[in-house]
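This report concerns only the one structure given below.
Treat the numbers as computed from the prediction; the structure is a model and nothing was measured. The chains referred to below are lettered A, B, ... by the order of the sequence lines, with proteins before strands, and numbering in each begins at 1.
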Amino acid sequence: MTMVFGVPLQALLGQLLVGLINGSFYALLSLGLAIIFGLLRIINFAHGAQYMLGAFVAYLLLAYAGIGYWGALILAPLIVGLAGAAIERLALSRLYDLDPLYGLLFTFGLALAIEGSFRYVYGSAGQPYAVPQALTGARNLGFMVLPNYRGWVVVASLAICVATWLAIEKTKFGAYLRAATENPTLVRAFGVNVPLLLTFTYGLGAALAGLAGVMAAPIYQVSPLMGSNIIIVVFAVVVVGGMGSILGAVVTGYMLGLCEGLTKVFYPEASNIVIFVIMAIVLLIRPAGLFGRTA
Amino acid sequence: QVSDNKVKIGILNDQSGVYADFGGKWSYEAAKMAVEDFGGKVLDMPIEVVTADHQNKPDIASNIARQWYDTGQVDAIMELTTSSVALAVQGLSKEKKKINLVTGAATTELTGKQCSPYGFHWAYDTNALAVGTGGALVKAGGDSWFFLTADYAFGYSLEAQTTKFLTSNGGKVVGSVRHPLSNADFSSFLLQAQSSGAKVIGLANAGLDTANAIKQASEFGIVAGGQRLAALLFTLAEVHGLGLEAAQGLSLTEGFYWDRDDASRAFGKRFFERTKRMPNMIQAGTYSGVTHYLKAIARAGTDDTEKVAEAMRAMPVDDVFAKGGIVAKNGRMIHDMYLMEVKKPEESKQPWDYFKVLATVPGDQAYIKPSESGCPLAQ
Amino acid sequence: MTDAALAPAAGRSKGRGVALIAVGLVLLAVAPFVVYPIFVMKLLCFALFAAAFNLLLGYAGLLSFGHAAFFGGAAYFTAHAVKEWGLTPELGVLVGVAGASALGLAVGFLAIRRQGIYFAMITLALAQMFFFFCLQAKFTHGEDGIQGVPRGHLFGVIDLNQPLAMYGFVAVVFLAGMVAIHRITESPFGMILKSIRENERRATSLGISVGSYKLAAFVMSAALAGLAGATKALVFQFATLTDVGWQMSGEVILMTLLGGIGTMIGPVVGAAIVTALENYLATSDFPPTIVIGVAFMLCVLAFRRGVVGELLATRWGKRLAGRGED
Amino acid sequence: MTMDAPGSEIVLSCRGLRKDFAGFTAVNDVDLDLRHGEIHAMIGPNGAGKTTVFNLLTKFLQPTKGRITLLGQDITKTSPSKVARMGLARSFQISATFPHLTVLENVRVALQRPNGLAHQFWRPMSALDRLNARALELIELVGLKDARNRPAADLSYGRKRALEIATTLALDPKALLLDEPMAGMGHEDVAVVSAIVRDVARTRAVLMVEHNLKVVADLCDRVTVLQRGEILVSGDYATVSRDERVRVAYLGAGHD
Amino acid sequence: MTEAPLAPPPSNSTLQPSSRGTKPVAQALLKVRGLNAWYGESHALHGVDLDVASGETVTLLGRNGVGKTTTLRAIMGILPKRTGSVRLNGREMIGTPLHKVAAAGLGFVPEERGIFASLTVEENLTLPPVVAAGGFTVEELYALFPNLKERRRSAGTQLSGGEQQMLAIARVLRTGVTLLLLDEPTEGLAPVIVDRIGEIILEMKRRGMTVLLVEQNFRFASRVADRFYVMDHGQIVDGFAAAELPDRMDRLKEALGV
Ligand SMILES: Nc1ncnc2c1ncn2[C@@H]1O[C@H](COP(=O)(O)OP(=O)(O)OP(=O)(O)O)[C@@H](O)[C@H]1O
Ligand SMILES: Nc1ncnc2c1ncn2[C@@H]1O[C@H](COP(=O)(O)OP(=O)(O)OP(=O)(O)O)[C@@H](O)[C@H]1O
Ligand SMILES: [Mg+2]
Ligand SMILES: [Mg+2]
């Protein structure tokens, strides 16, 4: 058996794959966060709550409307996205002229309120949500047994990240978005309804978080606490990637997932700190983050 | 001889935070049930139950406890979920010469170095969980273990105590891995556990961490592959939240199960009618603790702390929760524990029909001998 | 050129300031006999914590999302020093403050490299690292926390187990902390801080090493937050993880925001409201997190100046502050 | 003001100064010498790189290439605040005051550090009162005496520029870099500021960017024309304004 | 020194107040009256009045900082605060949301060009939505500016200054707006490009477009403009037709500080 630093190669490959799966969630979440930050200059502290909301909506759809995973995959992000759009219209749009810190503080309060409400109604132990029938079972890859659902998560999240990236980099709508990031006033002067675009963008970011939530529901316990635990790590991902850089967020998401996976093999005690350590090092060497534009 | 002409019990626990499902507002319900069952009066004085949500903050808990004792005419505080709160309130109760009875927290410190003459620890502790799950499971054939341990003091002590019992019963530990607290993804650790070939994977963690580990173990087909999962701290409420599909085959230890005998079934049914859920050991333990406290007042003929505490120790505990339970000098209520296995979905005949009792662990084996607990009162 | 002619407004507000301070002192003296003393002590600790936080946000313009690390960290250091090393309370508090300052130096050194939201994120992440450290370090006893910390005898003579003695000690620490904060903000150094907040590039061009001043302010704020945390450890006789978590960092922001950023009494008022609210909510039917979350949102949307700020903005408030006449 | 060195002494100079921004060269191969007692103007079309040169000289930007010396010391790698402490002061093109501080406080902030009153956090604010006399002198010089207790934000644009000059002068610098000091000022103000600049320049080296050519012609001993980051021509005003390239690039064909 | 920078033009100015104001123009496409504008608390425009007739090219002259750019921005509505009246085809534009202004027929080429760095040349070119028929097609524009076609795949800001200016103008020509606001289109450009831009403006005029131009390059302006306005201190201080230009040359030179 081939060994790498005292760990069998096969096991290592398995762990790398697992890291990639984790990275998929980081990437999906940081993608939404980066889009919101890139255009709205708002650190969306409620992103974790919106992720949780996605998972909960999926659960509620199943429990009360009998709508299963595949339906939820479409509906839940839509619902979370619409809720996000409403929040943007009602509240966030009033904060754009102020210091960006107020956006951070508002979404912080929002996160507390959403999570608190769900904890109040549903407790914190969580709700059951099973892997969809079509994706149960596992496949032997030789070096590890990969549950089919995990395979789906990697493929789907990669597809979504690429699709979102393409939509933003290659379409007319994306061109509006990118242009509005640079100079919203001028884009408005060209006749584009930028306020609507902003509302849509926040909705899109929230929907991406919701989508990640639905995808997480069969793997992670659907609990009101699921978002607050992951959000800080995702912040670190976005800071390392370079705030506002969409590509940076996605690439860093996968990369840090892998780093974390490796740490779990070689020094598991540090696996929750490793991301912050990387962040500190990156900030020392490249204050703007790995993919950040301005120095 | 009752102070302020009434007996007032405070139920202080987490009702909105991470441990809200452990005992939560349902422990308050259980306490009220106990008072009603007792007849609402003791020594002809009315009994009152108050409650507060400490939000998992020891300072809020300590503040409320002080106010209750000093100005709120509260005679005893019970439940006390999470160890930092339980220890803080026990310290305070000792200073104020008031009774506190812990059902929600697990740490053996409560009846160890930090024990109090007026402090009681009722439903379970880490040692009992370790003996129940570790010791009894080895006897049932699960003799090689791999631990998934939460990387902080609570996890270490669960792991260490379990290890002690399983090795003394002829089992061995083939490996262990420490995972960060609030770790969402366990697949990496589960892969390591899987390839270790251990017969039992012990989950030395709590709450959402345990739930996630179990859910993901089922996804990776660990139980289906012949390995056994043993959760060291997990209750009925959490199995309910996980669903049988994911939880089937899991072993765990509780001090109570509603479907054990006729008395517990009757109690469970009444509790369910009030709360739409079956009681776990913390809620049933709170019922038992309140009842025992009231009995002790009746026996002592006063609510004077010293005398009531003495009476509580003097009487055996015989109720729906415990049969022949003994209250030791260090405050530990010693009673039987049950090693359970979670049923397969097809075995479950009705809602909340989740457990099979695999083994009963006698109280004197489950709990640390008072003389060895490190509590000065029991030397 | 007489000074009086230069700053007439300052002269007027000075008289009122003295009156306000007198009222505050009387309140402080009466409080333990009216309100529950332990609650007042807790409030004073949080008020000092919020004021220390405000020193950074309100006067240097830096939003730290990791201040709980200094508050809770100091609580641990003090608890350990008093319980395990048997130090007297005043030395224990000193150990806590020193620890918080050292921590502040390390966090500040990394964080001041960026501004605005970036600064907030970095402090958050670093504080989170410290949280994990506290979770795992042996001396903190994990989730049990350090319990049963003796209050001991102040300078070896005054028994702090006497509630009034303890109250007196906390009140003196609070006053000393507030005086220090007032002194710092109203000092030549404070003036430089203000100028940096107003226009960093301009300050640099005047030869001010912006980074060192920010770092100094950061360390001072951390030290004072540590003073509050250390005192709290003695009041409650324990130090636990709740005080180092990011929720606590959020709470201190809420206190400051609610009371009024950049004012001297704002954080004190905010701390009083939040602590009272938490205490009240504990026994009410309202879930605390929801109420606090909604309070946050309302503050940001509707009263960004906070209670004190909004009051000062009224005519009566302007008069009180001595600015009404101009 | 004690220094009375001969007018030929070079205070600030740079050689081969270059600044690249992501694939674009904003300043290229610029050599400048600022002499004691001389007013040096830098003119050129918008975007020619004038402000960038200012930022490079004051170290707000790090040059890609080139060497800068101040009073004979190499400052190519020095921090901006250190450079300011060594005696190089500047004003900003976009007016830079401390908006919520009063006029007096604005000037006093500049006086604090040279007088050792910057880091005392233990002393009361009244410790700064001894700076008031000097601060007021400067405020009077630029005609802001009546506004001394008003926040800088309340001042009109032109008066903010005046305040900025007073603040800059408070540092008593050896070299003074003024970025469009007259921009946004009325005619009389231009005259006042011109007089101030002429006065302070007697004992200092001054470099100014100015679009008001009348001011340049009246005030400046030497003019450097910058275009696309490079020096087009340098010399006295008459020479420069006669240069055909300058007329095309900057003065425009309509200029006589 | 006086507090108010709002003082009227100094009396020693050669431009007498009597010459102020505008000659009424038959069926003005754009009618601006009493336009005031502010940047934060600084008051930049003090009651600008001007008219532009359909099909006309009008040039706004004035020294640096007198408010020419601000006038264009205020007409467009991309300032935080403005008051007065801006009528386009009789329709009041003050109060119209900014993103509806383009549809009303106004196109804007900003002084700083506003090329988007994260968009390619072609994306930049096709960014503004088409608001009316009659604009140039992308092919026509590429024919007009071959440099752009050559570099259509490069990032917008990799272009040279001159090319960026072409792109900024071309971008608006596609949308079919009737009135074009051009802010210093020749700034920093080589003479040959200035000539090209002059030709383009003349071509636009032939196609019936209306142009309001801000220009420092007087020679260039005199080649394309039908009428002139002169600004000082945030006000229009003079206005005349191209034919009157030779008579006014001396006074202008002084007013413009050249
Ligand atoms: N940080 C930067 N990144 C990229 N390009 C920059 C940066 N700063 C300036 N530039 C560019 O460098 C060139 C020179 O700018 P600079 O501000 O020095 O011009 P200037 O001569 O001062 O013009 P003005 O007369 O308008 O003030 C401009 O094209 C500008 O866009
Ligand atoms: N964004 C801004 N914020 C504050 N003041 C501004 C701003 N833009 C311009 N100003 C000021 O408004 C006045 C008018 O400026 P404007 O840009 O309209 O002048 P201009 O005539 O276009 O000059 P130029 O020929 O230099 O382009 C100037 O005094 C300028 O300093
Ligand atoms: Mg410039
Ligand atoms: Mg302009």
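Closest of all the heavy-atom pairs between F132(C) and L181(B) is CE2-O, 4.4 Å. Residue N63(B) comes nearest to F39(C) through the heavy atom pair ND2-CD1, 3.5 Å, listed as atom of the first residue, atom of the second, then distance.
When heavy atoms are compared at a cutoff of 4.5 Å, Q90(B) does not approach chain C at all. No part of K138(C) comes within reach of chain B, as not one of its non-hydrogen atoms sits under 4.5 angstrom from that chain. Only the side chain of F238(C) comes within less than 4.5 Å of a heavy atom in chain B; its backbone stays farther off. Contact annotation for Q247(C): neither backbone nor side-chain heavy atoms come within less than 4.5 Å of a heavy atom of chain B. The part of T242(C) that comes within reach of chain B is its side chain, from C-beta onward, which places non-hydrogen atoms under 4.5 angstrom from that chain. Contacts between S157(B) and chain C at a heavy-atom distance below 4.5 Å are absent for every atom of the residue. Only the side chain of E109(B) comes within less than 4.5 Å of a heavy atom in chain C; its backbone stays farther off. Proximity to chain B (any heavy atom under 4.5 Å) is shown, for F131(C), by neither the backbone nor the side chain.
Here A88(B) is the residue among G155(B), A88(B), S16(B) with the most heavy-atom pairs under 4.5 Å with chain C. For the set K232(C), M41(C), Q237(C), the count of heavy-atom pairs under 4.5 angstrom toward chain B peaks at K232(C). Of the listed residues D70(B), L92(B), L12(B), T51(B), the one with more heavy-atom pairs under 4.5 angstrom with chain C than any other is D70(B). For chain C, the option among D59(B), V50(B), T107(B), L87(B) with the highest count of heavy-atom pairs below 4.5 Å is D59(B). Most heavy-atom pairs under 4.5 Å with chain B, from the set I290(C), I146(C), T283(C): that is T283(C).
In terms of modelled atom types and a separation under 3.5 Å, the side chain of Y36(C) and the main chain of R66(B) share a donor-acceptor contact.
Atom-to-atom distance recorded for F154(B):CZ and L135(C):CG is 12.0 Å, nearest 0.5 angstrom.
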For the pair T289(C) and Q55(B), evaluate side-chain contact (heavy atoms from CB on, under 4.5 Å) and give the outcome as yes or no after the intermediate values.
CA-CA 9 Å; T289(C) 4; Q55(B) 302 150 54; over 6 Å; no
